[in-house]
Amino acid sequence: RFTARWRERWSGGLAIASADIPNRDPLSAAAPSADVPPRFDPLETRAALEVWDQAAEAQRRLIAGLAGFLSGADTSALDDTLFQRGVRESAKRRTYSARCAVTTQAADIAFTCASTGSSQHLLLDGRFRSGSKNPAGELRIVELAGEGGFGEMDASRGRLETNAGEYAARFPALRHGRRVRLRDGNAIEAITMRWRGNTGEAVVTTLDDFAPAAAAIAEMERRSAAHELDAFSAKPFRRAAVMDALFTRLGVKARDWCCLDATGIPAPRADLPPADANPAREATGPLKTLYQYCATCHLGPERAPPNFLQGDARRVDASVARCAERIYLRLGMWPLPQEARSKSPMPPSGSLAALNTHPADWTRSQELASLRQYIAGLLREQSGAEPSLAALSARGYESLRPCVENE
């Protein structure tokens, strides 16, 4: 299902946005400058950091990313509950064995183990000190039944037994206090080493303890599809909603979950200007186009970005006229090649995307042409001369008339 949805939505791959904004030094004590070069403008579209073009790799990364939302306490509680239940209910065990070459130097034991059977394939190596009943060292399963990448495990809780020159050391398969698990979720229960002289055998035992979790997740999925549970509904991933439902079904000790009950939280409220102070509905011609493409950023009460569209018709006319030089320069950047732009164009490409307008279509659009003509007319009235994009750019953006008073 993941692969089918991936191909439907991102047949050309999913572009991952870069979080690296090449902005000015945020710790600088210098006063902010209005003249921000295009490459430092956070509104500019940045190149993708990378493109995920393989569904299988994207699925792996997605799962790893979602796992990051879970706490260590969540995974430890789930791990302990499943393992103890598996042992208590005598869940099925599987064993994988391999012959080992053993090197002994004083109390240091090093071993390398490999099997040849494909269904029982096991590659394992490590070392530990055998000078006590509780040996400690390093263990690493390189590959087990076709699964690789297990990495090093904690080998600090071993038990050593001796019998007439034969040795046996048993280690629980742990990492950071939790059991190492297979891709299907089942636990690696233990690793046992037996050796005499320079030869020996390694046995890895797994415990099929994940079935209760799989059944609980399947039920949660069915109930979410029937709108009886919202753990897997079309909402952002919420660790508390998912883990509370899962733990309830597995009998994990109840706990208080943060932020599930939103009844006491007030609904979000937009901070909008009074309706009677907004002439957008009465605007016509180019001014109506200005509202359509610029109001998202320039209609609010804040002075940054300049709110030249906020207020009644008289105030808006005065503000747009005051801002005409800067608006004209910003609009004039669109037809230029990106490398020739002294400022980033407005409206930004992100705003155009929200209006289902492609930058290439916008550059050739009648709307952009009418806006440029409208603002050019305001500048002719002010100066009596035809405005020049090159002359405005040469003066420098900061020297142009500010859009708001006392800027």
Side-chain angles (χ1 to χ4, degrees), residues 1-17 50-86 88-89 91-92 94 145-147 178-187 206-270 353-354 356:
R1 282 182 293 176
F2 182 94
T3 300
R5 182 62 61 87
W6 176 271
R7 290 173 178 168
E8 172 189 333
R9 293 196 172 190
W10 299 292
S11 58
L14 176 62
I16 305 301
E50 58 181 319
V51 177
W52 295 0
D53 56 2
Q54 299 294 327
E57 176 65 8
Q59 185 178 32
R60 185 192 68 78
R61 294 191 186 198
L62 174 65
I63 292 170
L66 291 178
F69 284 90
L70 307 183
S71 71
D74 293 341
T75 52
S76 291
L78 180 61
D79 178 49
D80 289 340
T81 298
L82 292 175
F83 188 79
Q84 292 168 11
R85 180 171 174 174
R88 184 173 63 251
E89 297 178 358
K92 182 178 180 179
R94 305 172 192 271
E147 295 190 30
R178 295 190 289 271
R179 285 139 191 101
V180 177
R181 292 182 173 270
L182 306 173
R183 281 188 207 147
D184 61 9
N186 291 315
T206 64
L207 180 69
D208 290 0
D209 64 345
F210 197 73
I217 293 168
E219 183 201 347
M220 290 162 59
E221 183 182 7
R222 288 193 298 271
R223 293 195 60 192
S224 294
H227 306 290
E228 299 171 354
L229 187 72
D230 73 344
F232 295 139
S233 58
K235 296 181 179 180
F237 182 83
R238 293 152 298 143
R239 162 244 180 190
V242 173
M243 300 309 291
D244 181 39
L246 180 60
F247 282 7
T248 298
R249 285 156 179 76
L250 293 177
V252 180
K253 184 179 179 181
R255 62 181 64 189
D256 293 328
W257 299 95
C258 168
C259 314
L260 277 178
D261 184 5
T263 54
I265 302 176
R269 183 182 63 187
N356 296 319

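Here, residue 1 is the first one in the sequence, and each next residue gets the next number. Owing to the predicted nature of the structure, the values given are computational and were not obtained by experimental measurement.
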Exercise: identify the closest heavy-atom pair between [X] and [Y]:
| X | Y | result |
| --- | --- | --- |
| Ala245 | Leu229 | CB-CD2, 4.2 Å |
| Ala55 | Phe2 | O-CE2, 3.4 Å |
| Ala91 | Leu207 | O-CD1, 3.6 Å |
| Ala231 | Arg238 | O-NH2, 4.1 Å |

Worksheet entry | Donor-acceptor pair, side chain of Glu147 and main chain of Arg183, under 3.5 angstrom | yes

Worksheet item: Quick one: does Thr75's side chain have a donor or acceptor within less than 3.5 Å of a partner on Gly72's backbone?
Response: yes

Worksheet item: Lys235: what forms a salt bridge (charged side-chain N to carboxylate O under 4.0 Å, His left out) with it, not counting sequence neighbours?
Response: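 Lys235: salt bridge (charged side-chain N to carboxylate O under 4.0 Å, His left out) contacts with Asp230.
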
Discussion item. Run the salt bridge (charged side-chain N to carboxylate O under 4.0 Å, His left out) test against Glu219 and tell me which residues pass, sequence neighbours left out.
Written reply: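 Counting only residues at least two positions away or on another chain, Glu219 forms a salt bridge (charged side-chain N to carboxylate O under 4.0 Å, His left out) with Arg249.
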
Spacing of [atom1] belonging to [X] relative to [atom2] belonging to [Y], to within rounding of 0.5 Å:
| X | Y | atom1 | atom2 | value |
| --- | --- | --- | --- | --- |
| Gln84 | Asp79 | CD | CG | 9.0 Å |
| Thr3 | Glu8 | OG1 | CD | 12.5 Å |
| Gln59 | Arg5 | CD | CZ | 13.0 Å |
| Met243 | Trp257 | CE | CH2 | 5.5 Å |
| Trp6 | Leu62 | CH2 | CG | 9.0 Å |
| Phe83 | Arg88 | CZ | CZ | 12.0 Å |

Considering residues at least two apart in sequence or located in another chain, which fulfil the side chain to side chain donor-acceptor pair (under 3.5 Å) criterion with [X]?
| X | value |
| --- | --- |
| Trp10 | none |
| Ser76 | Arg178 |
| Arg1 | Glu221 |

Item to complete: In plain terms, say whether Arg94 and Asp208 are close enough for a salt bridge, that is, a side-chain N and a carboxylate O under 4.0 Å apart.
Response: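 Yes, Arg94 and Asp208 are salt-bridged.
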
Discussion item. Among residues at least two apart in sequence or on other chains, which ones pass side-chain contact (heavy atoms from CB on, under 4.5 Å) with Ser71?
Written reply: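 side-chain contact (heavy atoms from CB on, under 4.5 Å) check on Ser71 returns Ala73, Asp74, Arg239.
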
Item to complete: Quickly, which of Lys92, Arg181, Arg179 forms a side-chain hydrogen bond (donor to acceptor under 3.5 Å, both in side chains) with Asp209? Name it, please.
Response: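 Filter result, single survivor: Arg181.
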
Fill in: Test item: Leu246 and Ile217 side chains (from C-beta on) under 4.5 Å apart, heavy atoms
yes

Discussion item. Between Leu182 and Phe210, is there a side-chain heavy-atom distance shorter than 4.5 Å?
Written reply: no

